[in-house]
Amino acid sequence: MTPSTGVTSAVALAPPQTQTRGALTQLDSLRCIDCHAQLSLPQEHSTTCAICGRTYPVRGGLLIAQGELTGKNRIAAAFYNSERWLRFRPWEQLFLKTFGGLPGARMQILRHLRHLRGGKVLEVGIGDGENVALLPRSLQIAGIDIAERPLAACRDRYPKRGLFLALAEGEHIPFADGTFDAVLSVGGFNFYRDPQKALMEMARVTRPGGRIVVADELPDLYEWGWGHLLGIPQLDDWLMRRFWLGPEFTDMVMNTRLDVRALARSALHRLKIYSIWRGLGYCIVGAPPHD
Ligand SMILES: C[S@@+](CC[C@H](N)C(=O)[O-])C[C@H]1O[C@@H](n2cnc3c(N)ncnc32)[C@H](O)[C@@H]1O
Ligand SMILES: [Zn+2]
């Protein structure tokens, strides 16, 4: 489900005659998510795979590289496209403020990209682009996300940054192998439909010698909620269902068991996992497996 935002003025991925053409050619390694053939850059309103014929529309400056979502990705996209996410956002900000300050909490993750002097970075699950302002301006940034509303907000927030933005799943990244110097993901990872596949995809699109950085809160963070601490865990379930995440997302959170270490080990090389946000979050830092 990808509701249109109706916003089409400022574009992140603009028609060839406009100034973002430069940024696009530097990210000219698009790959078909169906047959993996190289895709040419979108001309006018779309590009079509020369091998399998899949068409990739450009809507409001965003490359549309995903079909109908299933499983957790459908639930997550519905949440992040909804007003509920906007209402939940201040709680997320409060959490980050408490556990490292703003932007300190984000820098606990972004410091792992500090070594980059120019180059290409992909943020998977870029949302409305909170991290973009904290990354060096010398970097070319591409972002993908399964939710169109935050992605469009990201486009509108940085009209001059030359971002390349695509509606796409972390499990099917529409770029060729080794395209990026680094791949970043902050938040949302615990509830990806297939986090292992997404991590393998992040490794695939990272060049040899490049870096993959993935951070999120502990998958069982809800067990640190007020209700659990007071001995009434039902209170957390009720608060999440009623006020914060809604019933579908809450069920997803409650039913997710993730062994982050095992997952990271299966996909990455030269792995380190850092504890962040005073122990309430993790940050995976690794390299592609054949590095
Ligand atoms: C908590 S928000 C974080 C946004 C941004 N990275 C930040 O740090 O503010 C998580 C984002 O991940 C996106 N997301 C969730 N599952 C995804 C998936 N499987 N592939 C790509 N993006 C995904 C959501 O739509 C949402 O915008
Ligand atoms: Zn194809």
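Remember, it's a predicted structure, so these values are computed and weren't measured experimentally. For ligands, and for the atoms within them, numbers begin at 1 and follow the listed sequence.
A cation-pi geometry, defined here as NZ or CZ lying under 6.0 Å from the six-membered ring centre and within 45° of its normal, does not hold between R211 and F180. Stacking of R54 on the aromatic ring of Y56 is recorded, both the 6.0 Å distance cut-off and the 45° axial limit being met.
Of the protein's non-hydrogen atoms, G170 N, 3.5 Å is the one closest to atom 21 (C) of ligand 1. Counting only heavy atoms of the protein, atom 1 (C) of ligand 1 lies nearest to Y80 OH, 3.4 Å. Remark: minimum distance from atom 17 (C) of ligand 1 to any protein heavy atom is reached at Y192 CE1, 3.2 Å. Protein heavy atom at the shortest distance from atom 3 (C) of ligand 1 is V186 O, 3.3 Å. The protein heavy atom nearest to atom 27 (O) of ligand 1 is D145 OD2, 2.7 Å.
Within a 6.0 Å sphere centred on CE of M200, heavy atoms belonging to other residues, nucleotides or ligands number 12 at most. With a 6.0 Å radius and a threshold of 12 heavy atoms from other residues, nucleotides or ligands, I51 has its CD1 atom at or below the threshold. In R89, the CZ atom is crowded: over 12 heavy atoms of neighbouring residues, nucleotides or ligands sit closer than 6.0 Å.
Set against the non-hydrogen atoms of R89, the atoms of ligand 1 under 4.0 Å away are 9 (O). In the vicinity of E130, heavy-atom distances shorter than 4.0 Å reach the ligand 1 atoms 9 (O). In summary, the atoms of ligand 1 found under 4.0 Å from a heavy atom of E169, numbered by their order in the structure, are 20 (N). The E92 neighbourhood of ligand 1 comprises atoms 1 (C), with distances under 4.0 Å to a heavy atom of that residue. Heavy-atom proximity to N73, at under 4.0 Å, picks out these atoms of ligand 1: 19 (N).
Of all the heavy atoms in A182 and L116, the pair that sits closest is CB-CD1, 3.8 Å.
Considering only non-hydrogen atoms, atom 19 (N) of ligand 1 lies nearest to E171 out of R193, E123, E171. Between the choices G187, G125, G129, the shortest heavy-atom distance to atom 4 (C) of ligand 1 belongs to G125.
Counting heavy atoms under 4.0 Å from ligand 1, residue I144 does not touch it at all. Contacts between R149 and ligand 1 below 4.0 angstrom, taking non-hydrogen atoms only, are absent altogether. Proximity of R106 to ligand 1, defined as any heavy-atom pair under 4.0 Å, is confined to the side chain (atoms from C-beta onward). In I146, the parts holding a heavy atom less than 4.0 Å from any atom of ligand 1 are both the side chain and the backbone.
Distances from ligand 1 to the non-hydrogen atoms of K197 include no value under 4.0 Å.
Between F191 and F249, the ring planes lie perpendicular to each other; the angle is over 60°, past the 30° to 60° tilted range.
We find that E169 and K197 are not joined by a salt bridge, their nearest charged nitrogen and carboxylate oxygen being 4.0 Å or further apart.
When SG of C52 and SG of C32 are joined through the Zn ion (ligand 2), the resulting angle is 100° to the nearest 10°.
Side-chain atoms of N73 and Q66 form no donor-acceptor pair, as typed in the model, at a separation below 3.5 Å. Looking at T47 and S40, their side chains do bring a donor and an acceptor atom within 3.5 Å of each other. Of the N and O atoms on the side chains of Y282 and N190, at least one donor lies less than 3.5 Å from an acceptor on the other residue. For the residue pair E123 / S185, no side-chain donor-acceptor distance below 3.5 Å is found, with atom types taken as modelled.
Counting backbone and side-chain atoms alike, H36 contributes no N/O/S atom closer than 2.8 Å to the Zn ion (ligand 2).
Residue N131 has at least one N or O atom closer than 3.5 Å to an N or O atom of ligand 1. Where the criterion is an N or O separation shorter than 3.5 Å, residue side chain and backbone included, V124 fails it with respect to ligand 1.
Ring centers of F164 and F175: under 6.0 Å apart, within the cut-off.
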